[in-house]
Amino acid sequence: MTPRIGSFEEYQATYNQSVQDPEGFWSSIADTFTWKKKWDKVLEWDFRQLDVKWFVGGKLNITENCLDRHLATRPDQAAIIWEPNDPNEDTITLTYRQLHAEVCKMANALKALGAKKGDRICFYMPMVPELAIAVLACARIGAIHSVVFAGFSASALADRINDATCSMVICSDGNFRGSKKIAVKDVVDEAVANTPSIKKVLVLRRTGQAVNWDDHRDVWMHDALDGMSTECEAEEMDSEDTLFILYTSGSTGKPKGVVHSTAGYMVYTTYSFKNVFQYEDGDVYWCTADIGWITGHSYIIYGPLSAGATTVMFEGVPTFPDAGRFWEIVDKLKVNQFYTAPTAIRALMAKGDEFVEKHDLSSIKVLGSVGEPINEEAWHWYHDMVGKGKSPIVDTWWQTETGGIMISPIANSTPLKPCFATKPMPGIQPVLVDSDGNEITENEVEGLLCVKFPWPSMIRTTYGNHERAINTYFKMFDNKYFTGDAAKRDSDGNYRIIGRVDDVINVSGHRMGTAEVEDAIDQHPEVVEAAVVGYPHDIKGQGIYAYITMADNVQKDEDTIVKEIRDVVSKHIGPIAKPDKIQVVKGLPKTRSGKIMRRILRKVAEGTAGNLGDTSTLLDPSVVDDIKAGAK
Ligand code: PRX
């Protein structure tokens, strides 16, 4: 069994051991898993080339760890409890035995449709059990999954399918989301019209709505599963074989496919899950993330299932049928660990305490936060109103690239400090550096957050472009992984994450590149130029503020332009990227060399344009007055 830390002293001792002898530390954890063949060497690494291998030479299948090994010890324990969008629809519970059978059936169905080891399979699905089942089925047969959040547009989906040359898309007819019914298959149809690699579209019937059908390409999931065996031998995978690709935004260019490998990812997500949340046998754990993001991959599916936990999956949204839905589910399922994002906490806090007070939340033992900085007010409301002052909050800092939680309290062990992610997990060696890359060793400082030693679940490459991964993460500071975040360290060595220092913004916990949004806006035929920045937003954490210049002859009123811009962004990325504020300006503030001074745009967007600093390098300083005068 994966070990669990029980006190702060034990954390400190474990941490020290993990730094002094990382290989010994991680091999003792890895020993608690099921291997087809044990590794020959624990670690080989070279950050400069981004060549990192963990458990070298090991052979395994992650689904044997998530499923088969639990059949002996907990076959009838709930593995997944699924809660539907509509509270009147039935909850579905899949025991480990049932989940194993369903995954094997799905794996056989995928094979019958021609899928094989190494193929890339794209998912565009609502939060239904079949999503988890089919993800695990891919892993069972060694196919690589690439789950795309089902809020992205057809064109964003097509880009991701093409980048990974996926051979199949798994989707549903539609998606129930709150009071809305979303036409999922229509989006997929539009995407696959431009994806030559797609041979099959496997469709789950969920909403029953009418869909277009291509007999050569489209297959109903229930037909594909019909008659399939509930046994499927797990493919033998190398420790370093790719488990999945997950697209995420950076400061430049199109989203990149972050590649995670098998063994290190499994070991790290399991270990961190068990320790951060202090999961005990019999507990019911619920992470509200969508499986379209890394949090869903690591802490709904792989970490919890490998640890033999009961993991809850929720199809709906926190405010449907009302703002008490999360708490109703916690009460109904007697959830012990609850993990969500600050944006949801803030949104629910704004709806009033009565939605919480109606429900019995006494089952909660640990509360988690992820995805963005949690502000002090939200932290206290979460702690006092939801946790009734008795449950620790684990503020977990990590990233798509890190695969698992990097800096976080260990529940009930690490002393808490509101808004601080506190201490690094065992095996994680964070450092703060100045802008020249010098390591800052003192405390009570602020710096750029890097990691100086490999950890098992770290990114291995960006799909199809290894140089890009090296340039993005390992070129900035020699021999260090650069996170893109700035952080503070207090006198006790606790970390507080300040936020991104690059052109990445975090909107409702969704990571977005400002360049990506600008590219989408530029698709509008009458837009000449766009510049996008983030600004503080009470609920979303950050909002999107777009400055645009229009062609001279455009006669439209501003409302029409704003609507069209929002539509164009929705079409090219998805509704989550729609700018909150759009300001039409005469010109953007540029230096003589043509560089946009984003610092000025950020200050105007933040409402702190009183102090703009030095603007003497601007080509035309008068544009600043125009921008300030028209600020939204
Ligand atoms: O800026 C940090 C912020 O989210 C970024 C990573 O986003 P993504 O890859 O989408 O993964 C989110 C879920 C793991 C980070 O660079 N972030 C994440 N967690 C926290 C956070 N910022 C502050 N506090 C956190 N706990």
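Just follow the structure's listing: the first ligand is 1, and inside any ligand the first atom is 1.
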Note to self: So if I count the atoms of ligand 1 from 1 in the order they appear, which ones are less than 4.0 Å from some heavy atom of Asn506?
What the structure shows: 3 (C), 4 (O)

Item checked: Pair His297 and His145, ring centroids less than 6.0 Å apart -> yes

Next item on the list: Could you pull out, from Ser408, Gly371, Ala289, the option with a heavy atom nearest to atom 19 (N) of ligand 1?
Entry: Gly371

Check: Which of the atoms in ligand 1, numbered in the order shown and given with their element, are less than 4.0 Å from a heavy-atom of Ile497?
Finding: 22 (N), 23 (C)

Next item on the list: Can you pull out the closest protein heavy atom to atom 2 (C) of ligand 1? Residue, atom name and distance to 0.1 Å, please.
Entry: Asp485 OD2, 3.1 Å

Check: When you measure from the side chain of Asp283 to the backbone N and O of Glu280, does any donor-acceptor pair fall under 3.5 Å?
Finding: yes

Checklist line | Centroid separation Phe149 to Trp293 less than 6.0 Å | finding: yes

Check: Can you list the atoms of ligand 1 that are under 4.0 Å from a heavy atom of Asp395?
Finding: 24 (N), 25 (C), 26 (N)

Check: Which atoms of ligand 1 are found less than 4.0 Å from any heavy atom of Val370?
Finding: 13 (C), 14 (C)

Margin query: If I apply the N/O under 3.5 Å rule, does Gln399 come out as touching ligand 1?
Written below: yes

Next item on the list: Say whether, by atom type as modelled, one donor and one acceptor occur between the side chain of Asp436 and the main chain of Asn438 under 3.5 angstrom.
Entry: no

Checklist line | Over 12 non-hydrogen atoms of neighbours within 6.0 angstrom of CG in Asn479 | finding: yes

Notebook entry, point to check: Numbering the atoms of ligand 1 from 1, which are under 4.0 Å from a heavy atom of Arg500?
Noted result: 1 (O), 16 (O)

Margin query: Tell me the protein heavy atom at minimum distance from atom 6 (C) of ligand 1, and give that distance in Å.
Written below: Trp398 O, 3.7 Å

Checklist line | Arg511 neighbourhood, listing ligand 1 atoms whose heavy-atom distance to it stays under 4.0 Å | finding: 6 (C), 7 (O), 8 (P), 9 (O), 10 (O)

Item checked: Per-atom contacts, ligand 1 versus Thr295 - under 4.0 Å to a heavy atom -> 13 (C), 14 (C)

Item checked: Cationic tip of Lys417 above Phe420 ring, under 6.0 Å, 45° of axis -> yes

Check: Mind checking whether Tyr11 and Phe8 have ring centres under 6.0 Å apart?
Finding: yes

Margin query: I need the Tyr247 OH to Asp163 CG distance, nearest 0.5 Å.
Written below: 3.5 Å

Next item on the list: If you have a sec, work out which protein heavy atom is nearest atom 8 (P) of ligand 1 and how many Å separate them, to one decimal?
Entry: Thr400 OG1, 3.5 Å

Notebook entry, point to check: Where is the nearest protein heavy atom to atom 25 (C) of ligand 1: which residue, which atom, and how far?
Noted result: Glu372 O, 3.5 Å

Notebook entry, point to check: Taking the six-membered ring for Trp, are the ring centroids of Phe47 and Phe477 within less than 6.0 Å of each other?
Noted result: no

Item checked: Thr396 N/O to ligand 1 N/O under 3.5 Å -> yes

